[in-house]
2 protein chains.
Amino acid sequence: MGAAAGFRSSLTLVRKACATCRECDVRHQALCTAMADEHLHRLEDITSPVLLQPNQALLRQGDPCRKVYSLTSGMLRLFTDLPDGRRQITDFLMPGDYLGLVDDDFHSQSAEAVVASSLCAFPINQMELLMDEFPSLRERLHRMARAALRQAHDSQLMLGRLAPLEKLAGFLLMLDARTNHHPHHGRRLQLAMSRTDIADHLGLTIETVSRCFTRLKAQGLIRLPEAHLVEILHEGRLAEIAGIGLSPEHLRLAAS
Amino acid sequence: MGAAAGFRSSLTLVRKACATCRECDVRHQALCTAMADEHLHRLEDITSPVLLQPNQALLRQGDPCRKVYSLTSGMLRLFTDLPDGRRQITDFLMPGDYLGLVDDDFHSQSAEAVVASSLCAFPINQMELLMDEFPSLRERLHRMARAALRQAHDSQLMLGRLAPLEKLAGFLLMLDARTNHHPHHGRRLQLAMSRTDIADHLGLTIETVSRCFTRLKAQGLIRLPEAHLVEILHEGRLAEIAGIGLSPEHLRLAAS
DNA sequence: CGTAAATTTGATTACCTTCAATCGTCGTGG
DNA sequence: CCACGACGATTGAAGGTAATCAAATTTACG
């Protein structure tokens with residue numbers, strides 16, 4: 001039910017987002033921030049919309065790079081998988097995030113929709129031309145790449161040195177910080193992704209993720225009215241568990 | 001003894017590297033690649049040299065960002081540490097690598113020399129001006145940030161989803177690939193960093209790292225004439241273990 | 001409502017960590 | 001020159017924790 005509601009609301013957002021860039025939901029968060037209103041049509045001219053259904057693939061690792069994308073609604077997972085089926089989700093993309101920061105010729109990662117999502121697609125070569133013409137655009141993408149790098153570093157710390165409970169606490173706080181920047185629902189946090197996705201992001205098994213949810217619940221730090229709806233009851237203690245050193249950094253990075 | 005020799009040879013490199021940019025060891029690998037010979041003096045004008053002794057700190061997380069650096073010789077470790085002493089080394093920097101890709105105001109990571117190292121320091125504001133004047137410079141830094149992001153993603157996969165033996169195999173191959181880019185010494189690989197550093201990079205304990213070395217040795221994939229000198233005997237099988245073409249039988253073989 | 005999928009919970013196992021001891025190298029001082 | 005101590009690396013034994021295997025429960029969806 002929670003998922004169905006998410007699906008529907010995403011679809012309504014799609015129409016708005018694709019109407020004109022001026023009125024886009026992420027006009028002031030995405031790469032277009034770099035373009036003044038008067039030049040915005042230059043981006044608009046080379047854009048084509050993309051709609052994805054839940055779990056639909058946008059890119060497969062190994063595909064040649066032809067376009068770059070800006071997520072306007074929904075959520076994507078970026079991941080690498082090994083031949084034997086193991087999978088590492090390196091990041092979840094939220095509205096305003098940019099996709100195509102990383103590779104030159106071939107995609108080193110796959111991208112799939114977590115929930116119904118809409119994106120703006122830009123042909124790479126035209127984007128290159130636009131970057132030559134508008135240095136602020138290149139600077140903006142550079143800045144976004146740097147933010148992604150900070151986030152990846154945080155993830156490395158989490159994967160390498162945090163215990164399962166700490167990982168989950170940190171993950172929830174990070175998600176909260178990133179989503180509540182956009183229209184927020186109090187302290188309620190929608191988990192768009194499955195336990196499997198969370199496990200593949202945190203380097204755990206789904207059983208361990210589930211047990212950690214149970215422990216956080218038992219400690220009174222969160223409530224879990226539905227499997228995909230978290231209420232954060234005690235952000236401070238959650239941050240303590242998460243290891244600190246992360247919290248100020250995370251908030252700042254989510255802002256950019 | 002290996003460490004002492006590394007120290008000495010680094011010092012001789014220092015003098016050469018700092019003489020002039022034209023004759024720099026990393027002239028054709030570092031950020032300066034973006035500058036034509038005729039404009040190289042513009043970089044040179046704002047550069048000041050930095051020398052570091054083994055384990056000397058260059059930056060502490062939390063420090064304000066004032067300068068950016070290009071490593072000309074030696075090796076640096078970039079890391080984050082937690083209040084309780086846990087540490088995650090996110091990357092080892094090699095000659096030609098750039099430092100300062102990530103943060104805007106304050107450093108989110110610390111940087112220390114692994115062995116004696118030399119760097120070029122550039123004041124950030126002057127570098128910004130230079131980037132405005134030479135778009136190719138900004139593009140170069142953007143490209144390097146993207147490469148760093150790819151590397152971070154690889155690290156995430158390794159930390160989250162690889163078994164200890166796979167991690168170490170992958171680490172050795174990665175190190176080999178990065179050092180043999182520069183003048184290489186056959187299949188012999190100098191490990192400049194300690195077991196503790198390796199453990200803190202791979203998300204393991206030093207004991208586990210040591211045991212994995214022993215297992216790789218026992219399987220005849222490497223030799224270990226000294227603790228800090230690795231001979232790769234069977235790169236192919238090492239690559240299999242590292243994650244490409246991993247099958248359960250490989251794991252079982254490795255376990256026995 | 002019924003079936004399938006996802007999540008949670010339980011029991012057991014395997015493996016890494018922890019704790020502890022030994023070995024080897026290097027540097028210092030007797 | 002050798003003894004000693006410090007440090008890093010390796011090896012060994014014991015314990016804990018997350019993975020694995022398995023089942024029950026809840027949720028999603030036709």
Side-chain angles (χ1 to χ4, degrees), chain A residues 1-8 53-55 84-88 114-116 158-168 190-218 222-230, chain B residues 1-8 54-55 84-87 114-115 158-168 190-218 222-230 248 251-256:
Chain A
M1 169 185 162
F7 186 105
R8 212 177 313 278
Q53 293 175 351
N55 297 313
D84 64 4
R86 285 178 290 179
R87 186 177 70 151
Q88 176 66 41
V114 174
V115 297
M158 194 162 77
L159 289 167
R161 284 299 179 222
L162 295 194
L165 198 70
E166 300 172 313
K167 289 180 179 181
L168 186 61
Q190 273 287 341
L191 297 183
M193 71 291 292
S194 68
R195 295 292 187 267
T196 303
D197 282 344
I198 297 175
D200 282 347
H201 181 56
L202 300 181
L204 302 170
T205 61
I206 56 173
E207 293 94 334
T208 299
V209 170
S210 182
R211 280 184 244 272
C212 287
F213 269 116
T214 304
R215 284 169 65 187
L216 289 179
K217 217 166 38 177
I222 64 169
R223 278 190 0 108
L224 210 58
E226 304 169 29
H228 289 266
L229 186 63
V230 177
Chain B
M1 167 188 167
F7 187 105
R8 212 177 310 281
N55 297 313
D84 64 4
R86 285 177 290 180
R87 186 178 71 152
V114 174
V115 296
M158 193 161 79
L159 290 167
R161 283 302 179 219
L162 295 194
L165 198 71
E166 300 173 310
K167 288 181 180 180
L168 186 60
Q190 273 289 340
L191 297 181
M193 71 292 290
S194 68
R195 296 291 188 267
T196 303
D197 281 345
I198 298 176
D200 282 347
H201 181 55
L202 300 181
L204 303 170
T205 61
I206 56 174
E207 293 93 334
T208 300
V209 170
S210 183
R211 282 184 244 271
C212 287
F213 268 116
T214 304
R215 283 168 67 186
L216 289 179
K217 220 166 36 178
I222 64 169
R223 277 186 7 102
L224 210 60
E226 306 168 27
H228 289 266
L229 186 62
V230 177
L251 289 175
R252 222 150 298 283
L253 225 87
S256 60

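A note on names: the letters A, B, ... follow the listed sequences, proteins ahead of strands, and every chain is numbered from 1.
B/Asp200 places its CG atom 11 Å from the P atom of C/dT17, with the value rounded to the nearest Å. Between the CG atom of A/Leu202 and the P atom of D/dA18 there is a distance of 13 Å, rounded to whole Å. Rounded to whole angstrom, the span from the CG atom of A/Leu216 across to the P atom of C/dT8 amounts to 12 Å. We find that CG of A/Leu229 is positioned 14 Å from P of C/dT7, with the value rounded to whole Å.
Two residues are said to be in side-chain contact when any heavy atoms from C-beta on lie closer than 4.5 Å; A/Leu168 and A/Ile198 meet this criterion.
Considering only residues two or more places apart in sequence or on other chains, B/Arg223 meets the side-chain contact (heavy atoms from CB on, under 4.5 Å) condition with B/Pro225, B/Glu231, B/Leu233.
One N or O on the side chain of B/Arg86 and one on the backbone of A/Arg161 form a donor-acceptor pair closer than 3.5 Å.
The line from CE of A/Met158 to CD of A/Glu166 is 11.0 Å long, rounded to the nearest 0.5 Å.
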Can you give each donor-acceptor pair under 3.5 Å made by side-chain atoms of residues 208-218 of chain A, sequence neighbours left out, with the distance rounded to 0.1 Å?
{"residue": "A/Thr208", "atom": "OG1", "partner": "A/Thr205", "partner atom": "OG1", "Å": "3.1"}
{"residue": "A/Thr214", "atom": "OG1", "partner": "A/Ser210", "partner atom": "O", "Å": "3.0"}

What's touching nucleotides 7-13 of chain D from the protein side, N or O pairs under 3.5 Å?
{"residue": "D/dA9", "atom": "OP1", "partner": "B/Arg195", "partner atom": "N", "Å": "3.2"}
{"residue": "D/dA9", "atom": "OP1", "partner": "B/His228", "partner atom": "NE2", "Å": "3.3"}
{"residue": "D/dA9", "atom": "OP2", "partner": "B/Arg195", "partner atom": "N", "Å": "3.4"}
{"residue": "D/dT10", "atom": "OP1", "partner": "B/Arg195", "partner atom": "NH2", "Å": "3.1"}
{"residue": "D/dT10", "atom": "OP2", "partner": "B/Arg195", "partner atom": "NE", "Å": "2.7"}
{"residue": "D/dT10", "atom": "OP2", "partner": "B/Ser210", "partner atom": "OG", "Å": "3.0"}
{"residue": "D/dT10", "atom": "O5'", "partner": "B/Ser210", "partner atom": "OG", "Å": "3.0"}
{"residue": "D/dT11", "atom": "OP2", "partner": "B/Thr214", "partner atom": "OG1", "Å": "2.5"}
{"residue": "D/dG12", "atom": "N7", "partner": "B/Arg211", "partner atom": "NH1", "Å": "3.0"}
{"residue": "D/dG12", "atom": "O6", "partner": "B/Arg211", "partner atom": "NH2", "Å": "3.2"}

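When each of A/Pro225 and A/Ala163 is assigned the nucleotide of DNA chain D bearing its nearest heavy atom, the one mapping closer to the 5' terminus is A/Ala163.
Contact detail for B/Leu159 and B/Lys167: the closest heavy-atom pair is O-NZ, 3.7 Å.
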